[in-house]
Trainee: 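Dropping the structure in here first, questions after.
Note that the structure is predicted; figures quoted are calculated from it, not measured.
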Amino acid sequence: MPEGTWEREAVYVSAAALRRRMPAEELAAQVRKLDGVSSVEVRPNGFLRIAVTVPGKLVESIRPLDVPEPGWPDFPRTWDNPGFVVRYAHARACAVRRWARDLGVPERGFRPELLDDPAHRAVLRVLAELPGRRQSRDPGWESYLLRLALAYHDACERAPAVPVGDERPGPVHTARVRLAQAVATVLPGPERL
């Protein structure tokens, strides 16, 4: 499971050593050798604290959720309605893909290390919860979807995915569009509101 805010450091905490019934230090030594791992600490309880160098790589592993859309009403379309917040985030992420195509943002050349803005790292932090939630008996999908939507809205405002004004399309926009695609894959909703 992810730990902390990921604003400065992307960290996961794992109980893998306990589940595999192997010495935590032995597993930690194996994990330290993996590409993309910056450090591994063994906690006194046997859990591993794993820091990754490029949290944006997780965007490549996002798959659609098989979660029924919560029974939120469509109206009122205000920030007080979680249904609107989630559906609007999905529609906004879909719109980013259309705008990017129209503005000439390259589709190829994804560089996950460019998702380093604190607002985008906050979105990545929420996305990192997906594997654990999928395995949980009580995943809390409604609160998860709302948190992801709110983090994504914040990222859109603070660090837009597409060029603004006279800004030329570049690799940072390609990375942000890929993040938008991941969000659209997870959140339920229409492509347009």
Trainee: Can you confirm whether His153 sits close enough to Tyr88 that some side-chain heavy atom of one is under 4.5 Å from a side-chain heavy atom of the other?
Mentor: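 The answer is yes; the side chains approach within 4.5 Å.
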Trainee: So which of Leu127, Val52, Leu130 actually passes side chain to side chain contact (heavy atoms under 4.5 Å, CB included) with Leu58?
Mentor: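 Exactly one pass, corresponding to Leu127.
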Trainee: Quick check: do Val13 and Arg43 have side-chain heavy atoms less than 4.5 Å from each other?
Mentor: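 SC-SC contact between Val13 and Arg43 confirmed.
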Trainee: Can you check whether His90 reaches Glu69 side chain to side chain, under 4.5 Å on heavy atoms?
Mentor: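 No. Closest side-chain heavy atoms not under 4.5 Å.
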Trainee: Counting neighbours of CG on Asn45 that are heavy atoms of other residues, nucleotides or ligands and sit closer than 6.0 Å, is the number greater than 12?
Mentor: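 Enclosed: over 12 neighbouring heavy atoms sit under 6.0 Å from CG of Asn45.
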Trainee: Could you tell me whether the side chain of Arg32 and the main chain of Val40 form a donor-acceptor pair under 3.5 Å?
Mentor: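 Side chain of Arg32 to backbone of Val40: a pair is present.
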Trainee: Quick one: does Cys156's side chain get under 4.5 Å of Arg92's, heavy atoms only?
Mentor: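 Cys156 vs Arg92: side chains touch.
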Trainee: Heavy-atom distance under 4.5 Å between the side chains of Tyr152 and Val96, does that happen here?
Mentor: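 Yes; the side chains approach each other to less than 4.5 Å.
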Trainee: Looking only at non-hydrogen atoms, find the nearest pair between Val59 and Arg178 and report the distance.
Mentor: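 Heavy atoms only, the tightest pair is CG1-O, 3.5 Å.
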Trainee: Would you say Arg111's side chain and Ala175's backbone share a donor-acceptor pair under 3.5 angstrom?
Mentor: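 It does not hold such a pair.
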Trainee: Just so I know, are the side chains of Arg134 and Leu65 near enough to count as touching, which here means a heavy-atom distance under 4.5 Å?
Mentor: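 Yes, their side chains come closer than 4.5 Å.
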Trainee: I want to check something: taking the side chain as every heavy atom from C-beta on, are Leu27 and Val42 in contact at a cut-off of under 4.5 Å?
Mentor: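 Leu27 vs Val42: side chains apart.
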Trainee: Does Asp117 use its side chain to pair, donor to acceptor, with the backbone of Ala155 at less than 3.5 Å?
Mentor: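 Side chain of Asp117 to backbone of Ala155, a donor-acceptor pair under 3.5 Å: no, none is there.
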Trainee: In terms of side-chain geometry, is the basic nitrogen of Glu26 or Arg20 positioned less than 4.0 Å from the acidic oxygen of its partner?
Mentor: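 No.
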Trainee: Is Leu34 reachable from Leu48 through a run of hydrophobic residues whose side-chain heavy atoms are each under 4.5 Å from the next?
Mentor: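 Looking at the clustering, Leu34 is in the same group as Leu48.
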Trainee: Between Val11 and Arg49, does the side chain to side chain contact (heavy atoms under 4.5 Å, CB included) criterion hold? Intermediate values first, please.
Mentor: CA-CA 7 Å; Val11 174; Arg49 181 185 185 278; 3.3 Å; yes
Trainee: What closest approach, in Å, do Val105 and Pro163 show between heavy atoms, and which atom pair accounts for it?
Mentor: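 Distance-wise, the nearest heavy atoms are CG2-CD, 3.7 Å.
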Trainee: List in chain and number order the residues that pass ring-ring contact (aromatic ring centres under 6.0 Å, His included) with Tyr12, two or more places apart in sequence or in another chain; answer none if no residue qualifies.
Mentor: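 Only Trp6 meet the ring-ring contact (aromatic ring centres under 6.0 Å, His included) criterion with Tyr12.
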Trainee: Under the salt bridge (charged side-chain N to carboxylate O under 4.0 Å, His left out) criterion, do Asp102 and Arg98 qualify, and how do the steps go?
Mentor: CA-CA 6 Å; Asp102 293 346; Arg98 293 190 301 272; over 6 Å; no
Trainee: Examine Val126 and Met1 and state if one hydrophobic cluster contains both, with Ile, Leu, Val, Met, Phe, Trp and Tyr joined whenever side-chain heavy atoms are less than 4.5 Å apart.
Mentor: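 Different hydrophobic clusters.
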Trainee: Taking the six-membered ring of Phe84 as reference, does the NZ or CZ atom of Arg87 fall below 6.0 Å from its centre and within a 45° cone about the axis?
Mentor: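 No cation-pi geometry.
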Trainee: Please say whether the positively charged group of Arg133, taken as NZ for Lys or CZ for Arg, lies over the ring of Tyr144, i.e. under 6.0 angstrom from the six-membered ring centre and within 45 degrees of the axis.
Mentor: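 No; the conditions do not both hold, so Arg133 does not lie above the ring face of Tyr144.
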Trainee: With rounding to the nearest 0.5 angstrom, report the CD to CD distance, Glu41 to Glu25.
Mentor: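 Here the rounded value is 10.5 Å.
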Trainee: Is Thr53 close to Val37 at the side-chain level, that is, under 4.5 Å between some pair of heavy atoms?
Mentor: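 When only atoms from C-beta onward are counted, Thr53 and Val37 do not touch, as no gap falls below 4.5 Å.
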Trainee: What pair of heavy atoms forms the shortest contact from Asn81 to Pro76, and how long is it?
Mentor: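 That closest heavy-atom pairing would be ND2-O, 2.9 Å.
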Trainee: Let me see the working for Phe110 and Leu115 under side chain to side chain contact (heavy atoms under 4.5 Å, CB included), right down to the final yes or no.
Mentor: CA-CA 10 Å; Phe110 172 56; Leu115 293 173; 4.2 Å; yes
Trainee: Could you state the interatomic distance from CD (Glu3) to CD1 (Ile50), rounded to the nearest 0.5 Å?
Mentor: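 Nearest 0.5 Å value for the CD-CD1 distance: 11.0 Å.
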Trainee: For the atom pair CG (Leu145) and CG (Leu150), what is the distance rounded to the nearest 0.5 Å?
Mentor: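 So the gap between those two atoms works out to 11.0 Å.
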Trainee: Grab the two heavy atoms, one from Ala93 and one from Ala180, that are nearest each other, plus how far apart they are.
Mentor: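 In terms of heavy atoms, the two residues are closest at CB-O, 3.3 Å.
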Trainee: Please check if the side chain of Thr185 supplies one atom and the backbone of Arg63 the other of a donor-acceptor pair under 3.5 Å.
Mentor: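 Pair absent, no side-chain N/O of Thr185 close to backbone of Arg63.
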Trainee: Any idea which heavy atoms bring Pro160 and His173 closest together, and the distance?
Mentor: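 Between these two residues, the closest heavy atoms are O-CD2, 4.4 Å.
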Trainee: Kindly compute the distance separating NE2 (His120) from CZ (Arg176), expressed to the nearest 0.5 Å.
Mentor: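 His120 NE2 to Arg176 CZ: 5.0 Å, rounded to 0.5 Å.
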Trainee: Going from CG on Leu179 to CG on Leu114, what distance comes out if it is rounded to the nearest 0.5 angstrom?
Mentor: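 Reported to 0.5 Å precision, the distance equals 12.0 Å.
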Trainee: Using 0.5 Å steps for rounding, measure from the CD atom of Glu107 to the CZ atom of Arg101.
Mentor: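 Going from CD on Glu107 over to CZ on Arg101, the span is 7.5 Å.
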Trainee: Please find the pair of heavy atoms, one from Pro112 and one from Val54, that lie closest to each other, and give the distance.
Mentor: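 Reported closest heavy-atom pair: C-CG1, 3.6 Å.
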